[in-house]
Number of protein chains: 2
Amino acid sequence: MGLTKTEIFTDEQNQLATLLKAMAHPARIAILQRILISNTCICGDLVGELGLAQATISQHLKELKNAGIIQGTIEGVSICYCINPKTWKLLEKQLGGFLAEYKGETSCC
Amino acid sequence: MGLTKTEIFTDEQNQLATLLKAMAHPARIAILQRILISNTCICGDLVGELGLAQATISQHLKELKNAGIIQGTIEGVSICYCINPKTWKLLEKQLGGFLAEYKGETSCC
DNA sequence: ATTTTATATCGCAATATTACGATTGCCTGG
DNA sequence: CCAGGCAATCGTAATATTGCGATATAAAAT
């Protein structure tokens with residue numbers, strides 16, 4: 001055991017879980033926030049700004065890229081990362097719908 | 001190594017990461033959706049509805065509870081789980097603010 | 001008091017994640 | 001072509017997650 005039983009769930013559930021998982025780390029949230037602020041892409045600046053090793057940052061970037069949340073393009077010497085608009089919109093839609101499903105606190109338990 | 005360096009990040013980043021992590025599993029998304037639909041709480045019904053063992057469901061519920069996303073009260077024989085309004089509102093706020101920070105696709109890379 | 005029913009917890013095995021040093025690959029400038 | 005820096009990858013250690021059977025706990029029914 002030790003691996004998620006994806007066959008049991010819907011594609012939507014698996015997809016949302018994958019996206020959330022990709023963001024569910026403080027370093028990756030910090031990376032995304034940096035990208036959101038300086039809209040324009042960043043890269044090795046992160047190594048200096050966050051207190052993590054280059055290999056670690058690269059790994060986090062890879063995970064965000066694998067999930068489709070960011071995309072990277074070669075920009076001369078360094079590499080430029082930025083938000084993938086398509087996935088971001090999908091995320092807004094899926095997550096928005098999910099959160100909105102909660103109808104106030106109609107006295108449950 | 002192998003453990004997240006939380007000291008490096010802000011409380012907000014760590015908190016959001018914890019909440020996202022708690023939701024970042026298809027089974028837990030499915031559980032939350034069930035709760036959102038039948039607003040009123042559920043419990044061992046999940047064992048029949050999702051295809052997972054009782055011990056596994058119980059563990060997922062525990063994780064959601066630890067994160068503060070759901071709360072449980074004893075309801076006679078069984079236990080009634082429902083959304084924790086406080087955390088849900090926090091999540092909406094944090095996540096909403098986060099997602100909204102993206103200013104369209106102003107030609108990045 | 002004993003059985004039934006509903007959950008939680010323990011213990012384990014398989015796998016995934018996190019972090020980093022070391023190395024490799026790759027472009028650019030000399 | 002070769003040296004420079006930037007970023008990806010490899011390998012490894014420590015720890016976390018996922019899933020389940022088995023067992024424990026606790027309230028309700030008999």
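Per chain, numbering begins at 1; letters A, B, ... match sequence-line order. Everything numeric in this text was worked out from a predicted model, so none of it was measured. Values below: all heavy atoms of this structure, side chains included; hydrogens, waters and symmetry mates excluded.
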Query raised in the report: In terms of side-chain heavy atoms of A/His25, which of C/dA19, C/dG21, D/dT18 is nearest?
Result: C/dA19
Query - Nucleotide nearest A/Ile79 (side chain, heavy atoms from C-beta), chosen from D/dA8, C/dA22, D/dC6 - result: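 Looking only at heavy atoms from C-beta outward on A/Ile79, the closest nucleotide is D/dA8.
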Query raised in the report: Any idea which heavy atoms bring A/Glu75 and A/Cys80 closest together, and the distance?
Result: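 The pair with the smallest heavy-atom distance is CB-CB, 4.0 Å.
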**Report entry** Minimum-distance pair of heavy atoms, taken over all atoms of A/Gly72 and A/Tyr81
**Finding:** CA-CD2, 3.6 Å
Assign [X] to base, sugar-phosphate, or nothing according to its heavy-atom contacts below 4.0 angstrom with the strands shown.
X       : answer
A/Lys21 : sugar-phosphate
A/Ser58 : base
B/Leu52 : sugar-phosphate
A/Glu63 : sugar-phosphate

Query raised in the report: Does B/Ala22 offer a backbone N or O that forms a donor-acceptor pair with the side chain of B/Arg28 under 3.5 Å?
Result: yes
Query - Main-chain N/O of B/Gln71 paired with B/Asn84 side-chain donor or acceptor, under 3.5 Å - result: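 No: the side chain of B/Asn84 does not pair with the backbone of B/Gln71.
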Measure [atom1]/[X] against [atom2]/[N] and give the value in whole Å, please.
X       : N      : atom1 : atom2 : answer
B/Leu50 : D/dT18 : CG    : P     : 14 Å
A/Asn66 : C/dA16 : CG    : C1'   : 14 Å
B/Leu20 : D/dT17 : CG    : P     : 14 Å
A/Leu61 : C/dA19 : CG    : P     : 13 Å
A/Lys65 : D/dT9  : NZ    : P     : 7 Å
A/Ile57 : C/dC20 : CD1   : P     : 9 Å
A/Ile31 : C/dT18 : CD1   : C1'   : 13 Å
B/Leu3  : D/dA14 : CG    : P     : 12 Å

Has [X] got a side-chain N or O lying under 4.0 Å from the OP1 or OP2 atom of [N]?
X       : N      : value
B/Thr56 : D/dC20 : yes
B/His60 : D/dT17 : no
A/Tyr81 : D/dC6  : no

Query raised in the report: Which residue lies toward the 5' end of DNA chain D, B/Ala53 or A/Lys62, if each is placed at its nearest nucleotide?
Result: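 Looking at the nearest nucleotide for each, A/Lys62 comes out on the 5' side.
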Report task. With DNA chain C as reference, determine whether A/Ile74 or A/Gly51 sits nearer its 5' end, using the nearest nucleotide of each. Result ->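 Going by which nucleotide is closer to the 5' end, it is A/Gly51.
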Query raised in the report: Could one point to a donor on the side chain of B/Gln59 or the base of D/dC20 with an acceptor on the other under 3.5 Å away?
Result: yes
**Report entry** Base D/dC6 paired with A/Gln54 side chain (donor-acceptor, <3.5 Å)
**Finding:** no
Query raised in the report: Does a sphere of radius 6.0 Å around CD1 in A/Ile8 hold more than 12 heavy atoms from other residues, nucleotides or ligands, not counting ones at 6.0 Å or beyond?
Result: yes
Report task. Check the pair B/Trp88 / A/Leu99 against side-chain contact (heavy atoms from CB on, under 4.5 Å), numbers first and verdict last. Result -> CA-CA 8 Å; B/Trp88 198 263; A/Leu99 289 174; 3.7 Å; yes
